[in-house]
Amino acid sequence: MSFDIFVCRFENGEPAPLDMSAAHEVLGPYVVARDPETNFLLVRTAEREEAGVYFTSPGNITFNRFGGDGIMDLLAILLRRLDAVLIVPGGPTMIQRDEDRELLPASLRDEWPVVVAHTGTEIDLAIRGS
């Protein structure tokens, strides 16, 4: 898929920092290229699926040019490890637990669908269904 999706955290409706060390631990084994100047990683799964990953700010990791079951599974692992949500612009926001809905800003909670997604398959289905 060629659009951007965003891994973020929220507390009390406000953006919160992500544990970037944990993110690097999760993604590290899959990194095949990196550009430290732009905080870019190219990750590739065993199935040869790839995604561009940008560490854009302390509270945001952007994925683009992503797809395939392996990448979606990796994304699910990352979301769990970071206790984060996945925002699909113009589509759903994916959370780990129903109670996470209350952590989101009102604009995400009220204006866009919020979906509980635990697995790569559930994430993929939510994105494709939007």
Side-chain angles (χ1 to χ4, degrees):
M1 297 181 204
S2 62
F3 56 90
D4 293 344
I5 57 175
F6 306 95
V7 175
C8 304
R9 281 190 72 242
F10 297 96
E11 294 176 0
N12 301 315
E14 298 294 326
L18 294 165
D19 183 345
M20 294 302 189
S21 294
H24 282 284
E25 286 176 21
V26 170
L27 299 173
Y30 303 94
V31 173
V32 295
R34 69 179 70 231
D35 181 352
E37 289 184 21
T38 60
N39 294 315
F40 171 77
L41 302 176
L42 179 64
V43 296
R44 182 181 300 143
T45 65
E47 299 85 9
R48 308 213 35 88
E49 301 159 349
E50 294 183 345
V53 181
Y54 294 87
F55 288 75
T56 50
S57 73
N60 182 341
I61 300 171
T62 302
F63 275 67
N64 74 3
R65 298 184 334 272
F66 61 94
D69 295 342
I71 291 294
M72 294 304 187
D73 290 342
L74 181 58
L75 194 50
I77 292 166
L78 182 66
L79 292 172
R80 277 193 302 275
R81 179 75 184 273
L82 300 180
D83 197 25
V85 303
L86 182 66
I87 300 172
V88 179
T93 296
M94 281 161 259
I95 58 176
Q96 300 292 306
R97 301 166 297 274
D98 249 346
E99 56 268 21
D100 292 345
R101 191 177 311 266
E102 297 307 313
L103 302 175
L104 299 173
S107 60
L108 286 177
R109 213 176 39 237
D110 300 338
E111 296 175 27
W112 302 102
V114 177
V115 178
V116 176
H118 301 169
T119 67
T121 299
E122 291 172 343
I123 292 170
D124 187 50
L125 289 171
I127 291 172
R128 291 181 188 280
S130 64

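Just so it is clear, the values below take in all heavy atoms, side chains as well, and ignore hydrogens, waters and symmetry mates.
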Following the transitive rule for hydrophobic clusters with a side-chain heavy-atom cut-off under 4.5 Å over Ile, Leu, Val, Met, Phe, Trp and Tyr, establish whether [X] and [Y] coincide in one cluster.
X	Y	answer
I77	L75	yes
V31	M72	yes
I95	F6	yes
Y30	M20	yes
Y54	F3	no

Heavy-atom donor-acceptor pair, [X] side chain to [Y] backbone, under 3.5 Å:
X	Y	value
R80	H118	yes
R9	A84	no
E11	A16	no

Report task. Begin from the C-alpha positions of I127 and F66 and carry the test side-chain contact (heavy atoms from CB on, under 4.5 Å) through to its verdict. Result -> CA-CA 12 Å; I127 291 172; F66 61 94; 4.2 Å; yes
Query raised in the report: Stepwise, does the side-chain contact (heavy atoms from CB on, under 4.5 Å) test hold for F63 with L78?
Result: CA-CA 12 Å; F63 275 67; L78 182 66; 3.7 Å; yes
Requested in this report: Begin from the C-alpha positions of V53 and I61 and carry the test side-chain contact (heavy atoms from CB on, under 4.5 Å) through to its verdict.
Outcome: CA-CA 7 Å; V53 181; I61 300 171; 3.5 Å; yes
**Report entry** Other residues, nucleotides, ligands: >12 heavy atoms within 6.0 Å of D110 CG
**Finding:** yes
Report task. Classify the angle between the aromatic ring planes of H24 and F55 as parallel (below 30°), tilted (30 to 60°) or perpendicular (above 60°). Result -> parallel
Report task. Could you go through the side-chain contact (heavy atoms from CB on, under 4.5 Å) check for R109 and R101 one step at a time? Result -> CA-CA 7 Å; R109 213 176 39 237; R101 191 177 311 266; 3.8 Å; yes
Query raised in the report: How close do G91 and P113 get, heavy atom to heavy atom, and via which atoms?
Result: O-CD, 4.0 Å
**Report entry** Side-chain heavy-atom pair L108, V114 within 4.5 angstrom cut-off
**Finding:** no
